[in-house]
Structure formats: C-alpha cells, structure tokens
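The figures here come from the full heavy-atom set of this structure, side chains too, leaving out hydrogens, waters and symmetry mates. Numbers here are sequence positions counted from 1.
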Amino acid sequence: MRALVLASGGVDSTTCLGLAIEKYGRENVTALSVFYGQKHKKEIEASDKIAAYYGVEHLNLNLEKIFEYSDCSLLAHSGREIPQEAYDEQLKKTEGKPVSTYVPFRNGLFLSCAASIALSRGCEVIYYGAHSDDAAGNAYPDCSDAFHQAMGQAIYLGSGNQLRIEAPFVTWTKADVVKKGLELKVPYELTWSCYEGGEKPCGKCATCIDRAKAFEANGAADPALAVK
C-alpha cells in the first residue's frame, strides 16, 4: 500500500509523516507540500528538510491563485496583523466565526487536490495532521472530526472506493501528538510552526503558544528552539 501525506513542515504533519513511514515504509510514502501564498516560506523550507531527512518522495503544489481574494492574515497580500494571543482569546472576539488565520476551506482544497494526485500516483490513503486543539471552538472548522468524516466519505465515494483519508490525531490534543512524535523520534528540530517568518519563532502567535504548551506537557524541551 502507498500513502500520501500532507506535509506543512510543522509538528502535526511531520508526526503524521513519521507515523505513515513506520506503517508503510519510506519507499511507499510520498509527501505533498502546498504553497498557498503564505507571508513566508519557512514551512516549505522545513518540509524540504524533513522529506530529505526521511528520504521520501516530495511533491510541491502551488495554490496561491485560489486564495487571492482572501484577507486571511497568514497571506502575503493581506494587510492584517497576525494575532499575538492564544486561540481561545481570539475566539472571544470572532462572534462564532473562525480566527483570522483560518485560510478559507484550506484542508478541503488540500485534500481534494491530494486525492487527485494520490489516485494518479497509485496511493490508497492520504494522511493529514488535524487535531482537536485546532478544531476546538471553531478556530479551524476544517480540522474537526465532523469535517474529517464528511470529507472522508466524499473522497472515498468520488474515487470509486479506491482512496480513503486518515487523520490519526483528529481526536487528540497537540500534547498527545508531540508525545507520539517523541516516541517515533520525529525530527522536531527541523520543523517550523510559527506564523511569522523571523529567524526564530516569535513565541507569541497562537501556534507558537500551543507548541510550547505541548512540549511542556510532555516534560520535553522543544529541539527547534535549540537550533542555532
């Protein structure tokens, strides 16, 4: 069996990649990275390093054009500032809507594109790293278990029952993901999670805050912060 893994260069997708490699072997795993007009390319650079570390096939896809009408604060053309607070604080101000760093239907688009590529490459399963901390409170609705189930059915039916999707962490916390990654000896020193594109993680954006809490919950130092 062959697997395709959505690879963003962060903790969750890299742990997913490690899990898929453990299950199927690196020769049967393809990593797919997507550029969608981010303010920086740290994620893509991290994905390149991680794919090289594991020795897996690495494909790149450019979906920047699709998001040109979005004012998501993660996108290069947006003038909005990236919030420097946790998701739960942001959600108090959104009136039930997703947070400003939510890229419109991103996972839906990524998975749809990945399905076409996976079928063309002879893959039978797509892995992606959605987890419950991102879905909680509607911060990222396309990370929820309900979304996963619906998208999974659509892709399975639309592929003629040839392809399924797996989100192994969809009911897990980020701390659970890090725990599994530490067991798998995932190269977290190569990953990049920060929404900003500085030389070092900002430590203030929501994803930096969540990442720090996840490592702290496991009594582990974040190796990415130790890299010179």
Please lay out, stage by stage, how Asn107 and Cys143 fare under the test side chain to side chain contact (heavy atoms under 4.5 Å, CB included).
-> CA-CA 7 Å; Asn107 280 348; Cys143 288; 3.6 Å; yes
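- Side chain of Asp176 to main chain of Thr173: a donor-acceptor pair is present (N/O by atom type, distance under 3.5 Å, no hydrogens or angles).
- Side-chain atoms of Thr191 and Arg211 form a donor-acceptor pair, as typed in the model, at a separation below 3.5 Å.
- A donor-acceptor pair under 3.5 Å is formed between the side chain of Asp142 and the backbone N or O of Arg106.
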Worksheet item: Does the side chain to side chain contact (heavy atoms under 4.5 Å, CB included) test come out yes or no for Trp172 and Asp133, once each step is laid out?
Response: CA-CA 8 Å; Trp172 293 17; Asp133 284 349; over 6 Å; no
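- A donor-acceptor contact under 3.5 angstrom links the side chains of Asp71 and Ser78, judged on distance only.
- A distance-only check finds a donor-acceptor pair linking the side chain of His40 to the backbone of Glu196 [under 3.5 Å].
- Cluster annotation: Ile44 and Phe67 are assigned to distinct hydrophobic clusters (Ile/Leu/Val/Met/Phe/Trp/Tyr, side-chain heavy-atom contacts under 4.5 Å, transitive).
- With values rounded to the nearest 0.5 angstrom, Ile209 atom CD1 is found 8.0 Å from Cys202 atom SG.
- In this structure, Lys42 NZ and Ser47 OG are separated by 13.0 Å, a value rounded to the nearest 0.5 Å.
- Just one residue in the list Ile50, Leu6, Asn60 forms a side chain to side chain contact (heavy atoms under 4.5 Å, CB included) with Ser33, and that residue is Asn60.
- Put simply, the side chain of Val56 reaches to within 4.5 Å of the side chain of Arg26, judged on heavy atoms.
- The cluster map of Ile, Leu, Val, Met, Phe, Trp and Tyr, joined by side-chain heavy atoms under 4.5 Å apart, puts Ile66 and Leu111 in the same cluster.
- No single ILVMFWY cluster, assembled from side-chain heavy atoms under 4.5 Å apart, contains both Leu4 and Val125.
- Note that CD1 of Ile117 is 4.5 Å distant from CG of Leu32, once rounded to the nearest 0.5 Å.
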Can you give the donor-acceptor pairs under 3.5 Å from side chains of residues 147-158 to other protein atoms, not counting sequence neighbours?
unit_1: His148; atom_1: ND1; unit_2: Tyr128; atom_2: OH; d: 3.1
unit_1: Gln149; atom_1: NE2; unit_2: Asp145; atom_2: OD1; d: 3.3

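- Side-chain contact between Gln162 and Leu119 is present, with heavy atoms from C-beta onward closer than 4.5 Å.
- Tyr24 and Val186 end up in the same hydrophobic cluster when Ile, Leu, Val, Met, Phe, Trp and Tyr side chains are linked at under 4.5 Å.
- Ser116 contributes no side-chain N or O that, together with a main-chain N or O of Cys113, makes up a donor-acceptor pair within less than 3.5 Å.
- Between Asp134 and Ala139, the shortest heavy-atom contact is O-CB, 3.4 Å.
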Inset, instruction - Kindly determine whether Val170 and His131 satisfy side chain to side chain contact (heavy atoms under 4.5 Å, CB included), including the steps that lead there. - result: CA-CA 4 Å; Val170 74; His131 60 83; over 6 Å; no
| said: Pair Gln84, Cys205 - check side chain to side chain contact (heavy atoms under 4.5 Å, CB included), show working. | reply: CA-CA 4 Å; Gln84 294 188 337; Cys205 68; 5.6 Å; no
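- Under the 4.0 Å criterion applied to side-chain N and carboxylate O atoms, Lys65 and Glu68 are assigned as salt-bridge partners.
- Taken to the nearest 0.5 Å, the CG atom of Leu75 stands 14.0 Å off from the OH atom of Tyr69.
- Side chains of Tyr36 and Leu109 form no contact here, defined as non-hydrogen atoms less than 4.5 Å apart.
- Of all heavy-atom pairs between Tyr188 and Gly181, the closest is OH-CA, 3.1 Å.
- The hydrophobic cluster containing Met1 also contains Val29, counting ILVMFWY residues as joined when their side-chain heavy atoms lie under 4.5 angstrom apart, directly or transitively.
- Take Tyr87 and apply the ring pair (Phe, Tyr, Trp, His ring centres under 6.0 Å) test, not counting sequence neighbours, and it matches Tyr140.
- Asn218 contributes no side-chain N or O that, together with a main-chain N or O of Ala220, makes up a donor-acceptor pair within less than 3.5 Å.
- Annotation for Val5 and Ala20: closest pair CG2-CB, 3.7 Å, computed over non-hydrogen atoms.
- With rounding to the nearest 0.5 angstrom, the OG1 atom of Thr30 is 11.0 Å from the CD1 atom of Ile126.
- Closest approach of Glu85 and Gln90 over heavy atoms only: O-NE2, 2.8 Å.
- The shortest side-chain heavy-atom distance between Leu63 and Phe35 does not fall under the 4.5 Å cut-off.
- For the pair Leu225 and Phe215, the minimum side-chain heavy-atom distance is 4.5 Å or more.
- Judged by distance alone, the side chains of Glu43 and Gln38 do bring a donor and an acceptor atom under 3.5 Å apart.
- Proximity of Cys16 to Pro168: side-chain heavy atoms (C-beta onward) are separated by under 4.5 Å at one or more points.
- At least one test fails for Lys180 against the ring of Phe169: distance under 6.0 Å to the centre or angle within 45° of the axis.
- The shortest distance between side-chain heavy atoms of Tyr127 and Ser13 does not fall below 4.5 Å.
- Residues Leu74 and Thr101 approach most closely at CD1-O, 3.5 Å, considering heavy atoms.
- A 6.0 Å sphere centred on NZ of Lys39 holds more than 12 heavy atoms belonging to other residues, nucleotides or ligands.
- Using a 4.0 Å cut-off between charged side-chain N and carboxylate O, Asp12 and Lys174 make a salt bridge.
- Looking at Ile82 and Ser73, their side chains come closer than 4.5 Å, going by heavy atoms from C-beta outward.
- The two residues Gly18 and Leu184 have their closest heavy-atom pair at C-CD1, 4.0 Å.
- With values rounded to the nearest 0.5 angstrom, Leu91 atom CG is found 10.5 Å from Lys93 atom NZ.
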Give the C-alpha distance, both sets of side-chain angles, the deciding distance and a yes or no for side chain to side chain donor-acceptor pair (under 3.5 Å) between Asp210 and Thr207. CA-CA 5 Å; Asp210 276 5; Thr207 188; over 6 Å; no
